[in-house]
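Okay, so here's the structure we're looking at.
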Amino acid sequence: MTTSSVTAVQPRRGSDFAVLLNQVRQAGLLRRAPVYYTLRIAFTVALLAAGWAVFAVGGNSWWQLLTAAFLAVVFTQLGFLGHDAGHRQVFRTRLANEVAGLLLGNLAIGLGFGWWVDKHHRHHAHPNQEGLDPDISGDVIVFTSAQALARRRRFGVFLARHQGILLLPLMLLEGVNLHVASVRALGRPHYRNRAGEGMLLLVHLAAYLGAVFVVLPPVKAVVFIAVNQGLFGLYLGCSFAPNHKGMPILAADDSGDFLRRQVLTSRNVRGGPLIGMLFGGLNYQIEHHLFPSMPRPALRRARPIVRAYCGEIGLPYAETSVFGSYRQALRYVHQIGRGTAGAETSVRGQA
């Protein structure tokens, strides 16, 4: 089955999104939440400091692997806050959000804020759109039959055919991949704020490696880093995988309207406050894609408005459980990798 077009679901009137936007705005859900974010950032930074303090006191011990796991969780939570700053959810001004993103991203966890914002905004502009969404480029995991058929080298073919099994293990490398991509991006021509971002990344790397190798002997230090960065990547991957994997892939020339493009390619994950905290609010993926600057605590309140409106105009609204989302994502990448007929999701089939 070929990639599909959101125009398979025809709009009922000229500007459906404008109507929804007005409802959300009248509900006050686009207002910034400075108190929430101040407390959230302070709490998460305190956890980061506590984790490194425990590491320093713990000394030369294999129990430090528990500290590595704890810090992996904290790093991911800091990444979520950096994500919110990148969407200008946190503060009113661009400068304040950028400073927060640089400190939370480059300095605290070693991820390039400027590189990530550029990549992520391109994803938001063209979610699941072939050739335009960098998150489905097919460099490692293939997301379309065309990408699978284009593999020629033996390793690439093997990886594609077994990617359903290898997806979770590959996520263990995602943290390292993001660090490497952040550094490589600094070499791009006309990269904005190259010196500042590069300096913060260097400070992070020196402090991180310095602390680990001062406290732990070489073997334990290497194992600590492997556990910390592996779990960091796994947590990030498990947070982003349910959002779009297994949802419709749009053709490169698709001309569907904004509302349908965002809703039909996104999936929500059901759950209460705990799921919201674990996923950094990204379990409300539909609402987040429709209103990227909406503060995280408002996403839950926007959900019933968006869901009801989608039902009113006949627009499919995908929502499932945590395990259901993983099952759908894994099944999709498995079927695409194995070349199973009809694996690619069709908007027309969901309409």
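A salt bridge between Asp118 and Arg122 is present, with a side-chain N of the basic residue lying under 4.0 Å from a carboxylate O of the acidic one. Salt bridge status for Glu319 with Arg303: present, with a side-chain N to carboxylate O gap under 4.0 Å. Ion pairing between a basic and an acidic side chain is recognised when a charged N comes within 4.0 Å of a carboxylate O; Arg296 and Glu287 show no such pairing.
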*Could you walk me through whether Asp133 and His123 pass the side chain to side chain donor-acceptor pair (under 3.5 Å) test, one step at a time?*
CA-CA 5 Å; Asp133 183 354; His123 157 70; 3.0 Å; yes
*Could you go step by step and tell me if Asp16 and Arg260 meet the salt bridge (Lys or Arg N to Asp or Glu O under 4.0 Å) rule?*
CA-CA 9 Å; Asp16 287 326; Arg260 284 157 182 78; 2.8 Å; yes
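Side-chain contact annotation: Asn228 with Tyr208, donor-acceptor N/O pair under 3.5 Å present. For the residue pair His244 / Gln285, a side-chain donor-acceptor distance below 3.5 Å is found, with atom types taken as modelled. Side-chain atoms of His83 and His288 form a donor-acceptor pair, as typed in the model, at a separation below 3.5 Å. Side-chain contact annotation: Gln64 with Thr67, donor-acceptor N/O pair under 3.5 Å present. Counted by atom type alone, Gln328 and Arg267 present one or more donor-acceptor pairs between their side chains at under 3.5 Å. Donor-acceptor pairing under 3.5 Å is lacking for the side chains of Gln89 and Tyr36.
For CZ of Arg31, the number of neighbouring non-hydrogen atoms (other residues, nucleotides, ligands) closer than 6.0 Å is 12 at most. More than 12 heavy atoms of other residues, nucleotides or ligands sit less than 6.0 Å from atom CH2 of Trp62.
Under the 30°/60° scheme for interplanar angles, the aromatic rings of Phe323 and Tyr326 are found to stand perpendicular. Relative orientation of the His124 and His87 rings is perpendicular, given thresholds of 30° and 60° on the angle between their planes.
When atom types are taken as modelled, the side chain of His179 and the backbone of Gly110 share a donor-acceptor pair closer than 3.5 angstrom.
Phe17 has its ring centre less than 6.0 Å from the ring centre of Phe291.
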